[in-house]
Amino acid sequence: MLLKLSLSGMKSKRKEYIILFMGLIMSIAIFYMFETLAINKSFLEGSTPYEFMGIVFHAGTVLLAIITVVYILYANAFLLTLRQKEYGMYMMLGAKKNKIAQFMFIETIVIAAITLVVGILIGTGLAKGVSTLLMNRLGLEGGNFEALYPQSLLITVLFFIVLFVIAGIINVIKLTRLTVLQLLNGTETSERVVISTSKKVIEGLLAVILLAIGYYCMIDLKKLQVAGMFIALVTISLGTYFFFKTLLPLLIVRLQKTPHFNDRNINRFTLAQLRFRVSDLTKVLSLVTMLIALAVGSMAVALVFNNNMLEASSGTTAYDSIIKNPTVAEKNILAKMDTTEKAIYRFKNKGEISYFLQSDLEKTPLNYSKYDENGAEVLKVKQKIKTNRSLYEDDSMSEWSNAISQLETEREVKIIAQRDFDKINSKTENVVTTVLNDFTANSKELAALDKITADRYPGKEIYSKYSAYNMMRGMFSGIIFMGLFLGFAFLAMMASCLMFKILVGAPSDIKRYDMLNKIGVKRKLLFKSLNYELVLIFIFPALLASVHVLVGMKMFEFFLSLNVYFKIWIPFAIFIVIYGIYYLITVSLYQNVVLPKKKGKSN
């Protein structure tokens with residue numbers, strides 16, 4: 001009988017359970033995918049970039065695990081509150097508390113089993129898709145990837161089973177401590193906050209000071225380095241908490257004292273609602289703000305790293321390809337490439353010296369990479385050529401020595417005139433340099449040139465721009481995918497946490513909305529008030545998190561030489577869509593709980 005009643009209760013709240021299931025399934029799927037990519041031997045063996053990606057995905061798993069613990073605790077509290085009144089009714093009908101606790105624990109485990117099966121199946125598909133993308137689309141090589149990997153399967157199942165068991169035990173303990181009356185009253189408790197002006201002013205100033213310190217540490221990370229990152233994390237977290245504890249209530253009070261705003265429609269009721277519940281939302285709003293910032297920031301950093309791959313590899317050489325004494329096959333490949341600059345430089349080797357022809361270098365001066373605090377910049381050599389001097393010993397030829405080292409790395413180099421060049425009794429050789437119109441569009445041709453070079457000089461390590469780019473791509477790809485998937489997971493779970501917290505407090509608002517309905521307030525105005533209240537609750541963490549992200553991205557200028565705001569609108573657009581969907585779902589569910597049901601014609 002109790003089982004039937006419970007199943008009936010779950011069915012009546014299927015919308016809430018679907019949202020709960022979606023968040024849990026996403027968490028499990030991404031956790032399993034990260035673990036599979038991190039420990040899959042056939043995927044990692046014999047590849048340095050993949051080994052690095054394994055470390056990256058392990059780090060992603062740890063981050064996701066920490067956030068998942070927080071998410072499950074919130075979901076667990078939501079689950080108990082969702083059924084709290086029902087459990088009280090069962091006890092009034094004669095059910096014993098220990099039986100209800102036992103059944104509630106079993107229900108938690110059943111939810112765990114369903115979400116684990118579905119999550120692992122989806123995670124297997126994600127792992128297969130991501131590994132294929134890494135190996136094929138990104139031009140990497142790997143072994144036979146096993147999407148259904150026993151070790152990662154075991155880790156995922158054990159981790160989530162332990163979490164769900166702990167969650168079930170916490171629910172049982174909470175249930176045993178509640179009386180029947182407390183269960184029936186649900187969340188109807190007073191949340192009124194009395195604002196002490198002096199205390200709030202002090203806490204408000206503290207919020208501003210802490211946030212300012214955190215922002216300064218992120219902007220000037222070059223000076224503070226690791227200590228700056230730690231200080232920023234602590235001060236911004238605390239500053240965010242005090243913002244919602246102090247500045248937000250003060251803002252609401254200020255709006256209540258503004259007649260033009262407070263007296264419109266039923267804004268007086270809406271602001272009173274916000275002020276009434278603001279203290280209860282302080283912690284969750286702070287948490288959601290920090291994790292929105294982490295989510296959007298991780299996606300933004302992923303895009304910056306993706307853009308940085310080519311820039312980082314450009315630091316190795318100013319040329320897209322450098323071929324010594326090209327073969328017929330190499331000449332054919334070079335002819336197919338879309339070049340903006342192509343030059344041939346003749347030289348002769350004698351003893352331990354390479355002699356380069358002055359006229360070739362004057363006709364097309366070499367490019368070289370100059371490094372400064374803003375990164376690498378490709379420049380043309382402007383220094384005057386001084387012949388018959390060792391480039392590496394003459395400081396007045398520093399630009400030439402920097403540039404020509406790209407062409408010759410094993411010998412001393414001298415630049416000589418044509419007459420001296422002709423006197424050297426040695427074979428004339430040449431080196432062909434190219435600068436491409438679009439590096440990535442010619443990746444197949446560049447890969448083919450590297451393969452020919454490897455075959456021509458077996459056992460010799462290849463130092464080309466493409467090999468550097470390929471290595472960077474292998475290393476950064478793990479960071480890129482981790483950032484994108486963590487961003488999606490964090491956004492979904494944290495938006496769920498905010499939604500759960502709002503819905504947990506919804507039953508206490510029923511009487512207030514019912515009272516307004518009875519005194520004749522139109523349903524349209526009630527819905528408008530409800531919608532406005534939830535918009536403010538959702539928008540405050542979103543705005544503060546956006547500031548955190550925009551300032552926090554400055555921190556990565558210490559690591560990267562590119563524009564750290566590269567296409568930052570993309571992660572913000574993704575965030576707005578996901579956050580907006582959760583907002584609409586929350587409004588729909590909250591409306592169904594608190595607004596009086598329509599009877600005949602609406603008011």
Novice: With rounding to the nearest 0.5 Å, note down the distance linking OG in Ser464 to CD in Gln406.
Specialist: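 So the gap between those two atoms works out to 12.5 Å.
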
Novice: For a quick test of reading the model, state the closest non-hydrogen atom pair linking Tyr215 to Val547 and the distance between them.
Specialist: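 Smallest interatomic distance, heavy atoms only, reads OH-CG1, 3.3 Å.
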
Novice: Excluding sequence neighbours, so at least two apart, what forms side-chain hydrogen bond (donor to acceptor under 3.5 Å, both in side chains) with Thr240?
Specialist: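 Partners of Thr240 by the side-chain hydrogen bond (donor to acceptor under 3.5 Å, both in side chains) criterion, ordered by chain and then number, come out as His548.
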
Novice: Could you check whether Lys465 makes a cation-pi contact with Tyr319, meaning its NZ or CZ is under 6.0 Å from the centre of the six-membered ring and within 45° of the ring axis?
Specialist: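 Negative - Lys465 is either too far from the ring of Tyr319 or too far off its axis.
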
Novice: Would Val208 and Phe242 count as a side-chain contact (heavy atoms from CB on, under 4.5 Å) if you check the C-alpha gap in whole Å, the side-chain angles of each, and the deciding distance to 0.1 Å?
Specialist: CA-CA 9 Å; Val208 172; Phe242 282 114; over 6 Å; no

Novice: So Tyr583 and Asn531, do their side chains get closer than 4.5 Å, heavy atoms only?
Specialist: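 SC-SC contact between Asn531 and Tyr583 confirmed.
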
Novice: Within the 4.5 Å heavy-atom criterion, are Leu211 and Leu238 side-chain neighbours or not?
Specialist: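 No. Closest side-chain heavy atoms not under 4.5 Å.
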
Novice: State plainly whether the residues Glu203 and Lys245 are in salt-bridge range, i.e. N to O under 4.0 Å.
Specialist: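 Salt bridge between Glu203 and Lys245, a charged N being under 4.0 Å from a carboxylate O: yes.
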
Novice: Under the rule for ring-ring contact (aromatic ring centres under 6.0 Å, His included), what residues qualify as partners of Phe159, not counting sequence neighbours?
Specialist: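 So Phe159 forms a ring-ring contact (aromatic ring centres under 6.0 Å, His included) with Phe31.
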
Novice: Who are the side-chain hydrogen bond (donor to acceptor under 3.5 Å, both in side chains) partners of Glu341, not counting sequence neighbours?
Specialist: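 Asn367, Lys380.
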
Novice: Could you grab the distance from atom CG of Leu407 to atom CG of Leu361, nearest 0.5 Å is fine?
Specialist: 8.0 Å

Novice: Compare every heavy atom of Ser152 with every heavy atom of Tyr32, then report the nearest pair and how far apart it is.
Specialist: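 Between these two residues, the closest heavy atoms are CE1-OG, 3.4 Å.
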
Novice: Under 30°, 30 to 60°, or over 60°: which ring-plane class applies to Tyr466 and Tyr469, parallel, tilted or perpendicular?
Specialist: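 Plane angle between 30° and 60°, so tilted.
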
Novice: So, for Trp400 and Pro365, which heavy atoms are closest and what is the spacing to 0.1 Å?
Specialist: CH2-CA, 4.3 Å

